[in-house]
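Sharing a structure, written as structure tokens. Questions coming.
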Amino acid sequence: MCHPFSVAGNSPPASCIFSEVMNLAAFVGFILAILRYLQLKHTVVSQCLNAGSLLAFSFGCFGMTLVGNFQIFTEEMIHNFGTLMTFGLGTLFCWVQSYITLRANLKNEGRKAGILRFLLSGSITLCMILYFSLMAQGFHMQAAQCQWALVMFFLIFLSTFGIEFRHNRFDIMCTEHSGGPESLSDSLEVSRYQPDQL
């Protein structure tokens, strides 16, 4: 089954750009999933559901790297497997996160954000069903349009995490075996003030 995105990015130099974009998207998606997991870690949401959502989307991000790095005309089976992982697990992630949003209700914004995410999840699912049915019937142009719509809805879904992320601050911690924890901001302040002491 040839995917319109994949055919366009099958030969160099387009394949190089396609691979780079997919790898970067997978990395950013994985970071977003980790931040979301950490945000929900100490809420009333089931930790199994939270961890399962992270795991599913992590595999979905790995699927993105398969799509980008294995061109469809050279490794069709691996490429198609990556596509199924990306779209299938990505859609599952959207539905689970929509449910979690309502349950967690962070800063009493869960209802508004949850309804928006459920609508986006439904749109993503509809686009995916239409995409595969149109591909099966040989309507490649219409399938490509559904695929573009699916990706756009998915990107909009991920951007909705900004609604809740704006209430959080994420810190990177670095610890030495002999000393206490040192945050990134502390180490930046130390390096900023050291030249003045010389």
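What you see is a predicted model; the values in this text were computed from it and never measured. Heavy atoms only: backbone and side chains are in, while hydrogens, waters and symmetry mates are out.
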Taking atom types as modelled, is there a side-chain donor on Thr125 or Thr91 under 3.5 Å from an acceptor on the other? no
Considering non-hydrogen atoms only, spot the tightest contact between Gly110 and Leu102 and give its length. O-CD2, 3.5 Å
Between Trp148 and Leu155, is there shared hydrophobic-cluster membership here, with clusters defined by ILVMFWY side-chain heavy atoms closer than 4.5 Å? yes
Can you tell me if His79 uses its side chain to pair, donor with acceptor, with the backbone of Val67 under 3.5 Å? yes
Report the distance from atom SG of Cys61 to atom CZ of Phe30, rounding to the nearest 0.5 Å. 7.5 Å
Please collect all side-chain hydrogen bond (donor to acceptor under 3.5 Å, both in side chains) contacts where either partner lies in residues 22-40, sequence neighbours excluded, each pair once. Asn23-Asn69, Arg36-Gln39, Arg36-Gln97, Arg36-Thr101, Arg36-Glu164, Gln39-Asn168
Minimal heavy-atom distance between Ile34 and Leu54, with the atoms involved, is N-CD1, 3.8 Å
With side chains defined as the heavy atoms from C-beta onward, is the minimum distance between Leu158 and Phe93 less than 4.5 Å? yes
Less than 4.5 Å apart, side chain to side chain, heavy atoms only: is that true for Leu84 and Leu89? no
Grab the two heavy atoms, one from Cys94 and one from Phe154, that are nearest each other, plus how far apart they are. SG-CE1, 3.4 Å
Counting only N and O atoms by type, is there a donor-acceptor contact under 3.5 Å from the side chain of Gln47 to the main-chain atoms of Lys41? yes
Common cluster, Phe27/Phe170, ILVMFWY with side-chain heavy-atom separation under 4.5 Å: yes
Residues, nucleotides or ligands: over 12 heavy atoms within 6.0 Å of Tyr99 OH: no
If you group Ile, Leu, Val, Met, Phe, Trp and Tyr by side-chain heavy-atom gaps below 4.5 Å, do Met85 and Leu55 land in one group? yes
Any chance CZ of Phe165 has more than 12 other-residue heavy atoms, nucleotides or ligands included, within less than 6.0 Å? yes
With heavy-atom distances below 4.5 Å as the criterion, would you say the side chains of Thr74 and Phe70 are in contact? no
Using side chain to side chain contact (heavy atoms under 4.5 Å, CB included), reason through Met22 and Thr65 one step at a time and then give a plain yes or no. CA-CA 6 Å; Met22 292 302 286; Thr65 65; over 6 Å; no
Student check: side-chain heavy atoms of Glu109 and His167 closer than 4.5 Å: yes
Same apolar cluster: Leu150 and Leu32, side chain cutoff 4.5 Å: yes
Any residue meeting ring pair (Phe, Tyr, Trp, His ring centres under 6.0 Å) with Phe157, in chain and number order, not counting sequence neighbours: Phe161
Would you call the rings of Phe87 and Phe132 parallel, tilted or perpendicular, taking 30° and 60° as the class edges? perpendicular
Measure across Met135 and Ala143 and return the closest heavy-atom pair with its distance rounded to 0.1 Å. SD-CB, 3.4 Å
Apply side chain to side chain contact (heavy atoms under 4.5 Å, CB included) to residues Leu40 and Leu106 and explain how you reach the verdict. CA-CA 9 Å; Leu40 296 169; Leu106 300 175; 4.1 Å; yes
Heavy-atom closest pair, residues Gln71 and Ser19: NE2-OG, 3.6 Å
Counting only N and O atoms by type, is there a donor-acceptor contact under 3.5 Å from the side chain of Ser53 to the main-chain atoms of Asn50? no
With clusters defined by side-chain heavy atoms of hydrophobic residues (ILVMFWY) lying less than 4.5 Å apart, directly or transitively, does Ile115 cluster with Ile163? no
In terms of heavy-atom contacts, Gly29 and Phe57 come closest through O-CE2, 3.2 Å
